[in-house]
There are 2 protein chains.
Amino acid sequence: MKIDPENPAGLSAQIAQAIKDAIVSGALIVDERLPSESELAEQFRVSRPTVREALKRLAAQSLIRTQRGATGGAFVNRLAYQDAYAQQITTSTLLLSMNAVSFDTACEARFALERACAPLSAERRAPDHLATMRAEILRQAQPGLTDEAFCASDVAFHRALVDGAGNPVLSYQLAGAVEAMQPLMNMITFTARSRETIVALHTALADAIEARDGQAAMQRLGDLETETRGHASDVFAARKAGAQTRRT
Amino acid sequence: MKIDPENPAGLSAQIAQAIKDAIVSGALIVDERLPSESELAEQFRVSRPTVREALKRLAAQSLIRTQRGATGGAFVNRLAYQDAYAQQITTSTLLLSMNAVSFDTACEARFALERACAPLSAERRAPDHLATMRAEILRQAQPGLTDEAFCASDVAFHRALVDGAGNPVLSYQLAGAVEAMQPLMNMITFTARSRETIVALHTALADAIEARDGQAAMQRLGDLETETRGHASDVFAARKAGAQTRRT
DNA sequence: AGACTTTTAAATGTCAGACAAATAGAAAGT
DNA sequence: ACTTTCTATTTGTCTGACATTTAAAAGTCT
C-alpha cells in the first residue's frame, strides 16, 4: 500500500482505494479489524483527519463499519443483501433521472430482465409470493387510489414475482431495474381504463405463475410491456399536443 | 435539512444523507454548486472537518465532484454510466464473495439475465459487436492461455453480447452480473477439452447472433449454462474427492 | 469467594485554527 | 490589446485538543 503525495487524486482517495483493494482482493477478511486511525495515519504518513476521510468513503459504500469504545475501530463489513439493494436502487434511480434515459429504454430493460425471471419464478414461487401478488392486484383495483400508490403497488407486485425465483442474486440485480422505474412511472397518469387493463394483465400473469407456466408468464409480461409502452407514448403525445395547443 | 446532534448515526452521516436526499429528490440539480465547506459548516452548525467527512461520503458514491480554486467547490455530479458500472461491479463482486453465494446460484442468475438480452442483441447488434465476439473466440482457442486470461476473454465476449442489445440500462444492470462472476470462474480450472466445448458453444452463439436468430441464441446460452454448471460441479466434486483422499 | 461498583484506557467523534496549493478573475504593466 | 502579476476564494491537509463511548481492569462490599 503505497501513497503518492503528488497524486492529484488526493491522499484520502488513494488511501480509500488501497484499503478497498485489500478488501476486494481478500487480503482483509470479513469482520477483521483494521488498525486504529492513529496507526493507519502513521503507516500512510498522513494525519488522522485524512485517514478519517478515507474511512468515511468506505463507510459510505458499506465496506466497513465503525464502532466506538475500547475494543472499537473499523471492521470489514459483510455486505448484506439489504445494503446492496439500497445502493443499487439509489444508483439506478440517479442514473435514470440524470441521463435523460428514455422511458422506452428503461421499460425495455426492465421487462426483458423480468422475463428472465419468469420461468424460474413459475417453477419455484412459494405460496406467499402468490399471495403478495394477489393482494397487490386487489389493491390496484381499488378506486380512488392515487397514481403514486398505484405505482408503488405495481413495484411490490413485480418484486414478488422476481423474489419468487428464489435466487437472491437475481433479486438483487432486478431490484434496481424495477424500483428505479418508479419515478418514471410516476410521471404518467393512469386512467381508470388503463388501470383496468393492467389489473387484467397482472391477473393473467399471476394465474400463469400459479399454474407454473413459465412460457405463459413470459408472454403476459410481453403484453404488459406493450401495454405500458403504448400507454406511456399516448400520454406523452397528448402532453406534447396540449403544450402546442397552449402555445398557439 | 435538520441535524440532530444526539443521533447516534453521527453528524457527518446525517449531513451526507440530507444532501443525498436533496440530490435524489431533485432539489439540487446536476452541475449545481453546493455552498462552500465553511458555509455548510455554518448552516449545519458543525465544524468544517465534519462537513468534509460528509462530502467525502458523497464523493465516494460519485454523487458529487470537488474542484479546488477560486470558483471551485462541490458540484452535483452527473452520474455517468462508467461510474455506475464501476460501482455496480464492485458491489456485485463483494456481494458474491462475502455471502457464500453458490456457484450455481450466481451462474443461474447470470445466464437468465443474459438470455433476456439475447433476442434484443440478435436484432440490433452492430458489426463491431460481432467482431469483438469473434476476436475473443479466437483468443480463447489459443493454446497456452492461462485460466485467468481465458475467463477475462469470456467476460469480454459476453459483454459484447450484452452491449449488442444497444440498451445502456440493460448493459449497466448486466455489467455486475457478468463481471462479478469472474472471481468465481477463476476458481475453476478449464481443461483443454472443456475449453474446446466452450469455444464451440461460443461460436454457435455468435453464429446465432449474426443470423439475427434470437431464439437460437437463447438456446445456445442455455447449453452454455448447462455446460458451465456441469463442468463446475465436476471440478468441485473432484476437488472434494481429492481432499478426502489426501486426508486418509 | 463472588457480585457489584468504580476507575481507567483506548478508540472514535467532533471541534478549532492554521497553512499549503490550486484556480479564476482583477489589476497592473508593457 | 496582450501579457503578467497579484489577490481572493476554496479545497486539501496538518496539528492539537477535548468529548463520548465502550469494555476491561481494579477496587470494594457482602
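Each chain gets a letter, A, B and so on, in the order its sequence line appears, and its residues count up from 1.
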Would you say A/Phe157 and A/Gln140 make side-chain contact, with heavy atoms under 4.5 Å?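 Yes; the side chains approach each other to less than 4.5 Å.
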By the 4.0 Å heavy-atom rule, please label A/Arg33 as base, sugar-phosphate, or nothing.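 Sugar-phosphate contact only.
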Of all the heavy-atom pairs spanning [X] and [Y], show the shortest one and how long it is.
X	Y	value
A/Ser171	A/Val162	CA-CG1, 3.8 Å
B/Leu58	B/Ala16	CD2-O, 3.6 Å
B/Val235	B/Thr189	CG2-O, 4.0 Å

Taking heavy atoms of chain A and a 4.0 Å limit, find me the 5'-most and 3'-most nucleotide of DNA chain D within that range.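 Endpoints of the contacted stretch of DNA chain D: D/dT13 to D/dA23.
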Side chain to side chain contact (heavy atoms under 4.5 Å, CB included) with B/Val169: which of A/Leu113, A/Leu95, A/Val101?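 Among A/Leu113, A/Leu95, A/Val101, the one meeting side chain to side chain contact (heavy atoms under 4.5 Å, CB included) with B/Val169 is A/Val101.
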Quick check for you: to the nearest 0.5 Å, what is the distance between A/Leu63 atom CG and A/Leu55 atom CG?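 If we round to the nearest 0.5 Å, A/Leu63:CG and A/Leu55:CG are 11.5 Å apart.
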Would you tabulate the nitrogen or oxygen pairs shorter than 3.5 Å linking the protein to nucleotides 14-17 of chain C?
from	atom 1	to	atom 2	distance (Å)
C/dT14	OP1	B/Leu11	N	2.5
C/dC15	OP2	B/Ser47	N	3.0
C/dC15	OP2	B/Ser47	OG	3.2
C/dC15	OP2	B/Thr50	OG1	2.6

Rounded to the nearest Å, what distance is computed from the CZ atom of residue A/Arg68 to the P atom of nucleotide C/dT12?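 Answer to the nearest Å: 11 Å.
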Figure out the CD/C1' separation between A/Glu39 and C/dT12, and round it to whole Å.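 Checked: the CD to C1' distance equals 13 Å.
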Mutual orientation of the aromatic rings belonging to B/Phe150 and B/Phe190 [parallel < 30°, tilted 30-60°, perpendicular > 60°]: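 Tilted.
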Which residue pairs satisfy the salt bridge (Lys or Arg N to Asp or Glu O under 4.0 Å) criterion with at least one member in residues 149-174 of chain A, sequence neighbours excluded?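 Checked against salt bridge (Lys or Arg N to Asp or Glu O under 4.0 Å) - neighbours excluded - the pairs reaching residues 149-174 of chain A are A/Arg110-A/Asp154, A/Arg159-A/Glu179.
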